[in-house]
2 protein chains.
Amino acid sequence: MLKLTKKADYGLIALKHLAMRNPAETASAKDIADAYGIPLPLLSKILQKLAKSGFLRSEQGTNGGYRLARDPREMTALEVIRSIDGPIILTSCFTEHGECHHSGRCSVREPLRKVHDGILRLLNNITIRDIASEDMEVPAPDVDVQVYRLKPSGLAAHASK
Amino acid sequence: MLKLTKKADYGLIALKHLAMRNPAETASAKDIADAYGIPLPLLSKILQKLAKSGFLRSEQGTNGGYRLARDPREMTALEVIRSIDGPIILTSCFTEHGECHHSGRCSVREPLRKVHDGILRLLNNITIRDIASEDMEVPAPDVDVQVYRLKPSGLAAHASK
DNA sequence: CGATATAGGACCGAACCAGTCCTTGATTAC
DNA sequence: GTAATCAAGGACTGGTTCGGTCCTATATCG
Ligand code: SF4
Ligand code: SF4
């Protein structure tokens with residue numbers, strides 16, 4: 001169904017929140033939870049994960065809270081989502097032990113692996129800073145995701161829509 | 001978790017299977033199920049959906065089965081997946097009635113919508129024929145998915161990985 | 001008729017998601 | 001030193017979706 005978990009949403013919200021303020025100050029889980037209406041205990045565990053993954057640095061005690069541990073330009077959406085939701089698996093055969101039992105006969109595995117890579121590359125090119133920036137552009141054609149496309153031979157694009 | 005359902009996998013397998021053979025002959029659900037080890041009743045309903053969505057034409061009775069209803073170049077992975085799994089929703093707020101209750105305050109909704117669009121565009125550029133073609137290329141940088149990227153200002157690419 | 005097809009509804013177990021609750025432990029303010 | 005404030009983390013639950021099975025009805029060919 002190709003959906004992101006809400007935990008990932010919340011994690012991104014929190015990181016964006018932190019990326020948009022003075023890196024000197026911390027924000028507590030409660031601050032963020034209140035600001036966006038996210039259940040506190042849920043957000044807490046997300047932030048804990050992000051801290052363990054090295055995105056956040058935590059400070060306990062009164063006036064404690066979280067602050068970014070790295071430059072938001074160095075945090076990609078891919079890494080963040082991975083850290084919260086676990087590995088991204090477009091199909092169940094792309095995980096370590098999740099071998100689909102027809103991976104032998106399956107004819108779409110390789111094609112889907114390319115799609116998978118495309119999505120990863122897309123997410124990998126988005127940084128927290130991108131997300132935090134107010135105005136963004138849908139820019140000129142660029143490297144990024146490379147979809148496989150038939151040889152030079154025609155078969156024009158039926159993209160858009 | 002960003003996973004495709006197995007039903008979608010199966011649907012793509014079936015379409016690929018049909019795309020790679022003489023368009024004159026039909027293949028029954030059983031044929032395909034046996035060929036790839038897919039449970040027959042499950043595959044049946046997938047094929048039914050694909051038929052109702054206009055990808056397949058079905059013929060009942062002995063020697064019946066399914067055949068492609070359209071040119072495989074005109075069937076995109078996006079449409080197929082949509083037809084089987086329902087609408088693709090990266091986050092729960094992108095569906096008609098699935099309004100997330102913080103869509104008001106949420107700060108990542110718009111950015112994620114762009115990611116969503118990127119994924120859609122990616123899937124929309126893949127046709128069944130692409131999937132059926134033996135050799136594919138990961139071609140030159142091309143139009144396709146446009147990830148938003150900061151203004152001209154530097155912030156070089158930290159793509160790859 | 002009877003074999004082979006599609007068409008489609010009902011059902012079920014397992015997994016996963018979103019969220020809650022409760023306990024522990026560090027740090028600061030008073 | 002004690003209380004308030006914070007993070008850390010385990011256990012549990014209700015709801016939904018997924019993957020799959022089963023059973024019946026209908027169409028078509030030989
Ligand atoms: S092997 Fe084929 S059917 Fe199984 S998960 Fe991978 S792509 Fe899907
Ligand atoms: S509104 Fe925000 S939190 Fe809710 S589903 Fe959309 S992106 Fe996720």
Side-chain angles (χ1 to χ4, degrees), chain A residues 1-11 13-14 25-34 37-53 55-67 69 81 84-89 91-93 95 97-98 100-102, chain B residues 1-11 13-14 25-34 37-53 55-67 69 81 84-89 91-93 95 97-98 100-102:
Chain A
M1 209 225 315
L2 214 54
K3 188 161 59 174
L4 230 51
T5 48
K6 258 180 185 168
K7 294 185 192 181
D9 282 14
Y10 295 159
I13 290 176
E25 1 173 11
T26 69
S28 74
K30 185 168 188 312
D31 293 342
I32 302 177
D34 287 349
I38 303 172
L40 174 57
L42 183 52
L43 181 62
S44 291
K45 262 176 303 202
I46 295 168
L47 295 177
Q48 286 166 31
K49 261 189 193 166
L50 290 177
K52 266 208 295 194
S53 308
F55 296 102
L56 296 179
R57 205 176 303 281
S58 68
E59 288 167 24
Q60 295 186 326
T62 316
N63 297 329
Y66 294 92
R67 77 181 75 235
I81 293 171
I84 298 176
D85 281 353
I88 289 180
I89 43 175
T91 66
S92 7
C93 55
T95 177
H97 306 92
C100 168
H101 64 280
H102 1 57
Chain B
M1 212 225 314
L2 212 53
K3 190 162 58 174
L4 228 51
T5 40
K6 256 179 185 168
K7 295 184 191 182
D9 282 13
Y10 295 160
I13 291 177
E25 3 172 9
T26 69
S28 73
K30 184 168 188 309
D31 293 342
I32 302 176
D34 287 350
I38 304 173
L40 174 58
L42 184 51
L43 181 61
S44 292
K45 262 175 303 202
I46 295 168
L47 295 178
Q48 286 165 30
K49 260 189 194 168
L50 290 177
K52 266 209 296 194
S53 308
F55 296 102
L56 297 179
R57 205 175 304 279
S58 67
E59 288 168 23
Q60 293 186 327
T62 316
N63 297 328
Y66 294 92
R67 78 181 73 236
I81 293 171
I84 298 176
D85 281 353
I88 288 179
I89 43 174
T91 65
S92 7
C93 55
T95 178
H97 307 94
C100 168
H101 65 281
H102 4 55

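Here is how names work: the chains are called A, B, and so on, in the same order as the sequence lines, proteins then strands, and each is numbered from 1.
Side-chain proximity of B:K45 to D:dT21, D:dC6, D:dG20: nearest is D:dT21. Set against C:dA26, D:dG20, C:dA7, the side chain of B:S58 has C:dA7 as its closest nucleotide. When distances are taken from the side chain of B:K30 to each of D:dG19, C:dG19, C:dA5, the shortest belongs to C:dA5.
Using a 4.0 Å cut-off, no side-chain N or O of A:Y10 falls inside it from OP1 or OP2 of C:dA18. For B:Y66, a side-chain nitrogen or oxygen approaches OP1 or OP2 of C:dA7 to under 4.0 Å. Remark: B:N63 is not in phosphate contact with C:dT4, judged by side-chain N or O atoms under 4.0 Å from OP1 or OP2.
Side-chain atoms of B:S58 never come within 3.5 Å of backbone atoms of B:Y66 as a donor-acceptor pair (strictly under, hydrogens ignored). Side-chain atoms of A:K49 come within 3.5 Å of backbone atoms of A:I84 as a donor-acceptor pair (strictly under, hydrogens ignored).
With the nearest nucleotide of DNA chain C identified for both B:G65 and B:T62, B:T62 has the one nearer the 5' end. Sequence order on DNA chain D of the closest nucleotides to B:K7 and B:G61 puts B:K7 first from the 5' end. Across the interface with DNA chain D, nearest-nucleotide mapping of A:P41 and A:M1 shows A:P41 to be the residue nearer the 5′ end.
Residue contacts shown for B:A29 are limited to sugar-phosphate atoms, with no base heavy atom under 4.0 Å away.
Judged by distance alone, with hydrogens and angles left aside, B:Q60 brings a side-chain donor or acceptor within reach of the base of C:dT6, the pair sitting under 3.5 Å. On a pure distance criterion of 3.5 Å, no polar donor-acceptor pair joins the side chain of A:Q48 and the base of D:dA7.
B:I88 has its CD1 atom 16 Å from the C1' atom of D:dT17, to the nearest Å.
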